[in-house]
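Shown next, in structure tokens, is the structure this report addresses.
None of the values given here were measured: they were computed from a predicted structure.
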Amino acid sequence: MTSSADGGVGIMAIESGLRVGVVGCGYWGSKHVRVLQSTEGVADVVLVDAQEDRLRALARTYPAARCFASLAEALPHVDAIVVATPPTAHVPVALEAIRAGKHVLVEKPLAPTTGGARQLIDAAASAGVTLMVGHTFEYNPAVWKLRELVHTRSLGEVYYLDSARLNLGLYQSDVNVILDLAPHDVSIINHVLGETPRAVQAWASRHAHPRFEDVAYLRLFYDDERLSANIHISWLDPCKVRRVTAVGSEKMAVYDDLAAEERIRVLDRGVRPPSAADDFTQPPMSYRYGDIMSPYVASDEPLSLQDEHFAQCIATGRTPNTDGACGLAVVEVLECAQLSLQLCRPVLLDELAPDSKAQHLTRSVRSVGARPWLRASEPVTPSSGVREPAAVGA
């Protein structure tokens, strides 16, 4: 296995099998380690984490895996890395690897800000390496089926999508609930609709957490004014919910990620207005209740499909389905949501330019104390919803 003169991945390295380092071996990073062990095209999996106890625990399961306390130590021994650190460390860790000529898969979100996301995209393009973002649900066969239903107009004209991602925890130490959970739902909605929103409005509040919002609602607006998407996310809910509902003019579909069977259900239900709109003696709507159908959905593990796709893109030079641009599209929605919290209004994606009026207004709102009704303690920069990055692997 060899590397190019500039430290990048050489042809022989790819032909011999990739050496992939997983940076951050916590809950989600350990899943990448498991999946990569059996991913075609991957020869070695290298573990990188600053917490020695995590490395020891994984080393017991994978005794052949090499372990390193820092990315700098691991770089000579890898051809690509998976960044599974806390979100605030995504950009510095990924940049370090890209500048060393390594291919990178960054877990969601690609970056906490659009500026960071663009920095990664530009760096990867300059270095000639693959940049991919871990939007795992875009590799979920159930999400593919929901997208198919929408794009084939099996539901008729789509009125709206409604997504709920709720649970008791897991609270994060460096970002709010929007940056932690909403990337999943935004990526699903972008993928299913095949388009990105024009504007975003958000409401959020801190209840149990002293610094970060733990409950939030997002509304996404589109060029077609008849279409919208709603997202409800929470760390503070007694029920675990992972559900996306698509409501159309002819039928409705529900994707329940927690369902053991029938993860997609298509309901032949809907409403029709009376034929004579000015006849107020008639009910305002007639209701249709038809059959419920559950199409076949493959049981392939999304994370396995995603990591296999990453290896294939490195080997072939193909652009990933969830490339840097895809990651940026999600981060733009998240940043608009953060701005919306400050300005108390919908924010256009066009307003994300550094010299935009919205950005200047946000600075002035912060200076007078934004959202004084929140129970705040040690507030972070409200427009970002993040704090400074912790040590890699923390």
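- W235 contributes no side-chain N or O that, together with a main-chain N or O of L168, makes up a donor-acceptor pair within less than 3.5 Å.
- With values rounded to the nearest 0.5 angstrom, L349 atom CG is found 6.5 Å from T196 atom OG1.
- Here I188 contributes atom CD1 and H191 contributes atom NE2; the two are 9.5 Å apart, rounded to the nearest 0.5 Å.
- Side-chain contact between K145 and R263: absent, with no pair of heavy atoms (C-beta onward) separated by less than 4.5 Å.
- Expressed to the nearest 0.5 Å, how far CD1 of I189 lies from OH of Y222 amounts to 5.5 Å.
- Within the 4.5 Å cutoff, the side chain of M252 has no heavy atoms near those of the L155 side chain.
- With respect to R34 and E301, a salt bridge is recorded, a charged nitrogen being found less than 4.0 Å from a carboxylate O.
- No donor-acceptor pair under 3.5 Å is formed between the side chain of R206 and the backbone N or O of V215.
- A donor-acceptor contact closer than 3.5 angstrom is absent between the side chains of T39 and D307.
- No continuous path of hydrophobic side-chain contacts links L305 to L303 [ILVMFWY only; heavy atoms under 4.5 Å].
- Annotation: the span from L227 atom CG to L161 atom CG amounts to 7.5 Å, rounded to 0.5 Å.
- Residues Q338 and N176 bring a donor and an acceptor atom of their side chains to less than 3.5 Å of each other.
- A salt bridge links D79 to R19: at least one charged side-chain nitrogen sits closer than 4.0 Å to a carboxylate oxygen.
- A donor-acceptor pair under 3.5 Å is absent between the side-chain atoms of H309 and the main chain of S304, judged by distance alone.
- One N or O on the side chain of S294 and one on the backbone of I264 form a donor-acceptor pair closer than 3.5 Å.
- At least one donor-acceptor pair closer than 3.5 Å links the side chain of T322 to the backbone N or O of V133.
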Stepwise, does the side-chain contact (heavy atoms from CB on, under 4.5 Å) test hold for R153 with E250? CA-CA 9 Å; R153 297 186 64 83; E250 300 299 325; over 6 Å; no
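- Of the possible polar contacts, one joining the D174 side chain to the T88 backbone as a donor-acceptor pair under 3.5 Å is found.
- A salt bridge does not link D162 to R219: none of the charged nitrogens lies less than 4.0 Å from a carboxylate oxygen.
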Where do D49 and L58 land on the side-chain contact (heavy atoms from CB on, under 4.5 Å) test, with the steps shown first? CA-CA 11 Å; D49 200 297; L58 275 177; over 6 Å; no
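- At least one donor-acceptor pair closer than 3.5 Å links the side chain of H209 to the backbone N or O of R211.
- The two atoms that bring P87 and P112 nearest to each other are O-CG, 3.6 Å, heavy atoms only.
- Between V177 and A216, the closest heavy-atom pair is CG1-CB, 3.9 Å.
- When every heavy atom of Q37 is checked against every heavy atom of V33, the shortest pair comes out as CG-O, 3.0 Å.
- When side chains are defined from C-beta on, R243 does not count as touching H232, because their heavy atoms never get closer than 4.5 Å.
- Contact annotation: the side chain of E138 never approaches that of V143 to less than 4.5 Å [non-hydrogen atoms, C-beta and beyond].
- For the side-chain contact (heavy atoms from CB on, under 4.5 Å) criterion with K102, the lone passing option out of V20, V129, L75, L71 is L75.
- Side-chain contact between T114 and L328: present, with at least one pair of heavy atoms (C-beta onward) separated by less than 4.5 Å.
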Step by step, work out the side-chain contact (heavy atoms from CB on, under 4.5 Å) result for V347 and V200. CA-CA 5 Å; V347 174; V200 181; 5.7 Å; no
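- Annotation for A59 and C67: closest pair CB-SG, 4.3 Å, computed over non-hydrogen atoms.
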Carefully, step by step, assess D268 and V266 under the rule side-chain contact (heavy atoms from CB on, under 4.5 Å). CA-CA 7 Å; D268 187 7; V266 182; over 6 Å; no
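- Under a 3.5 Å cut-off, the side chain of K108 and the backbone N or O of D180 do form a donor-acceptor pair.
- Here the side chain of S340 pairs no donor or acceptor atom with the backbone of C336 at under 3.5 angstrom.
- Going from atom CG of L334 over to atom CG of L218 covers 8.0 Å, rounded to the nearest 0.5 Å.
- Here R118 pairs with E332 in a salt bridge; the nearest charged N to carboxylate O distance falls below 4.0 Å.
- Counting heavy atoms from C-beta on, the side chains of P320 and D323 come closer than 4.5 Å.
- More than 12 heavy atoms of other residues, nucleotides or ligands shown are found within 6.0 angstrom of CZ on R242.
- More than 12 heavy atoms of other residues, nucleotides or ligands lie within 6.0 Å of CD in Q312, so this atom counts as buried by the packing criterion.
- V106 and V35 end up in different hydrophobic clusters when Ile, Leu, Val, Met, Phe, Trp and Tyr side chains are linked at under 4.5 Å.
- Electrostatic pairing of E351 and R345 counts as a salt bridge here, judged by a charged N lying under 4.0 Å from a carboxylate O.
- Within a 6.0 Å sphere centred on OH of Y160, heavy atoms belonging to other residues, nucleotides or ligands number 12 at most.
- With 3.5 Å as the limit, one finds a donor-acceptor pair spanning the side chains of Y171 and D214.
- Within the 4.5 Å cutoff, no side-chain heavy atoms of P238 are placed close to those of L166.
- Linking Ile, Leu, Val, Met, Phe, Trp and Tyr residues whenever their side-chain heavy atoms come within less than 4.5 Å leaves V150 and V254 in two separate clusters.
- The same ILVMFWY cluster, assembled from side-chain heavy atoms under 4.5 Å apart, contains both V82 and L55.
- More than 12 heavy atoms of other residues, nucleotides or ligands shown are found within 6.0 angstrom of CG on L258.
- Shortest non-hydrogen contact noted between L110 and A117 is CD2-CB, 3.9 Å.
- Criterion: ILVMFWY side-chain heavy atoms under 4.5 Å apart, direct or through other members. Under it, I231 and L236 are part of a common hydrophobic cluster.
- W28 places no side-chain N or O within donor-acceptor distance of the main-chain N or O of T85, the cut-off being under 3.5 Å.
- Using a 4.5 Å heavy-atom threshold, the side chains of D53 and R56 count as touching.
- Considering CG of D300 and CD of E308, their distance stands at 9.0 Å, rounded to 0.5 Å.
- A tilted orientation is assigned to the rings of H207 and W203, their planes being inclined by 30° to 60°.
- More than 12 heavy atoms of other shown residues, nucleotides or ligands fall within 6.0 angstrom of atom CZ in R147.
- G29 approaches A84 most closely through the heavy-atom pair CA-CB, 3.7 Å.
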